[in-house]
Number of protein chains: 2
Amino acid sequence: MTYSIKDVAEIFNLSIYTIRFYDKEGLLPFVSRNKAGRRVFTESDLYLIRTICCLKDTGMEIKAIRNYVDFVMQGADTIDPRKSLLLEHRAKILRDIENLTQNLNQVDSKLEIYASPKAADIVKEQIRFVEEEKRANGLPSPYAAQK
Amino acid sequence: MTYSIKDVAEIFNLSIYTIRFYDKEGLLPFVSRNKAGRRVFTESDLYLIRTICCLKDTGMEIKAIRNYVDFVMQGADTIDPRKSLLLEHRAKILRDIENLTQNLNQVDSKLEIYASPKAADIVKEQIRFVEEEKRANGLPSPYAAQK
DNA sequence: CTAATACCTAGAGTTATATCGAGGTCAAGC
DNA sequence: GCTTGACCTCGATATAACTCTAGGTATTAG
């Protein structure tokens, strides 16, 4: 069982363009061609592409992914560098999750205000505060500036 | 107490260029200028910029952030649209966290293999499998292709 | 045999987000 | 009064990651 570029595009929800672009960028050196020059994907290819998508979806740059793929293509001697590359990336993912979680809290705080029955009052009070602060510093109100 | 663009850049770890860029993009309509035409930031300005950074750091596009800022500048009448904008964004953040967490698991699975004492054997077996599959489909081995 | 279809390459174009350079203004210190 | 430093605008440039166009080839259905 093999797959065409279209199959792969559908499986991974990528455009055909993107797959060819990844190939151009050296992310798919393992994909073979038939006599007509078309890409032929095997199950093992899909397995590695799944990893590539995982790295991409967690924000790894294409250059870094190519690094990883190159290690994979060099065989069992590159296990150590692969490991440290993934460990570093793992740390980045953890930082990203941590960061998103913190920002989620901030969004939730704002939503709490907006959901409160006193929302309008709170907002009006904030506006008063902003205008007072601007005035105290000899600056124009920003609200008037809106058309 | 007011802040210069340099102060703000340091506080939020943005470049001065980026702050001017955000202003150009309509993200900072509330920032006033002094007679010399320089931006003067107040505490309230910092408060809103903090929100802008929160939205930016969670992947909201600048256009969408401008939407939110515009609502804020229109006063208490826009609480409902602000709320739904943030609710939608909150859902996106949750999806992103979920996605990162899943991909983290995948990375951890790979790391488990690489950390195992049998890592080399496992990898060699995978290579054999790939080569067998390629051969079965009349395709060349991708490992030979590496220079 | 011919037309449709799915694929190919090379290179141009797009988008979002920044970053920079040139040339100018203003306030402070010497 | 002159220099320095921090700021300004406008428009060009950069970068990553696609996305598309033009022109061409192999396979398949009628």
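Chain naming here is simple, since letters A, B, ... match the order of the sequence lines and numbering starts at 1 in each. Computed from a prediction, not measured in an experiment: that's the story for all the values here.
- A donor-acceptor pair is defined here as one N or O able to donate and one able to accept, closer than 3.5 Å; such a pair exists between the side chain of B:T101 and the backbone of B:I97.
- The phosphate of C:dT17 (OP1 or OP2) has no side-chain N or O of B:T18 nearer than 4.0 angstrom.
- B:I5 places its CD1 atom 17 Å from the P atom of C:dC26, with the value rounded to the nearest Å.
- Taking every nucleotide of DNA chain D with any atom under 4.0 Å from a non-hydrogen atom of chain B, the first and last of them, 5' to 3', are D:dA6 to D:dG11.
- Under a 3.5 Å cut-off, the side chain of A:K134 and the backbone N or O of B:F30 do form a donor-acceptor pair.
- Residues B:K24 and B:D7 each lie close to DNA chain D; by heavy-atom proximity, the contact nearer the 5' end of the strand is made by B:D7.
- The distance between atom CD1 of A:I19 and atom C1' of C:dT9, rounded to the nearest whole Å, is 16 Å.
- Atoms CD1 (B:I62) and C1' (C:dA18) sit 8 Å apart, rounded to a whole Å.
- Of the residues A:D23, A:V72, A:V69, A:L48, the one that meets the side chain to side chain contact (heavy atoms under 4.5 Å, CB included) test with A:P29 is A:V69.
- Heavy atoms of A:E25 sit nowhere under 4.0 angstrom from any nucleic acid atom.
- What separates CG of B:D57 from C1' of C:dA18 is a distance of 15 Å, to the nearest Å.
- For the pair B:R38 and C:dC26, the criterion of a side-chain N or O lying under 4.0 Å from OP1 or OP2 is not met.
- Between the side chain of A:S4 and the main chain of A:D7, a donor-acceptor pair closer than 3.5 Å is present.
- If you take CE of B:M60 and P of C:dT17, they are 12 Å apart, rounded to a whole angstrom.
- In this structure, A:N103 contributes its side chain and A:N99 its backbone to a donor-acceptor pair below 3.5 Å.
- One interatomic measurement links the two molecules: CG of B:N13 to P of C:dT19, which rounds to 11 Å at whole-angstrom precision.
- Among the atoms of the strands shown, base atoms are found under 4.0 Å from some heavy atom of A:R20.
- Judged by distance alone, with hydrogens and angles left aside, the side-chain atoms of B:N13 form no donor-acceptor pair with the main-chain N or O of B:A9 at under 3.5 Å.
- Summarising the geometry of A:R33 relative to B:L139, their closest heavy-atom pair is O-CD2, 4.0 Å, with the distance given to 0.1 Å.
- Ranked by how close their nearest DNA chain C nucleotide is to the 5' end, B:K35 and B:K63 are led by B:K63.
- Not one side-chain nitrogen or oxygen of B:Y22 sits closer than 4.0 Å to the OP1 or OP2 atom of C:dT17.
- Atom CD of B:E61 and atom C1' of C:dA18 are 15 Å apart (whole Å).
- Rounded to a whole Å, the NZ atom of A:K6 is 6 Å from the P atom of C:dC7.
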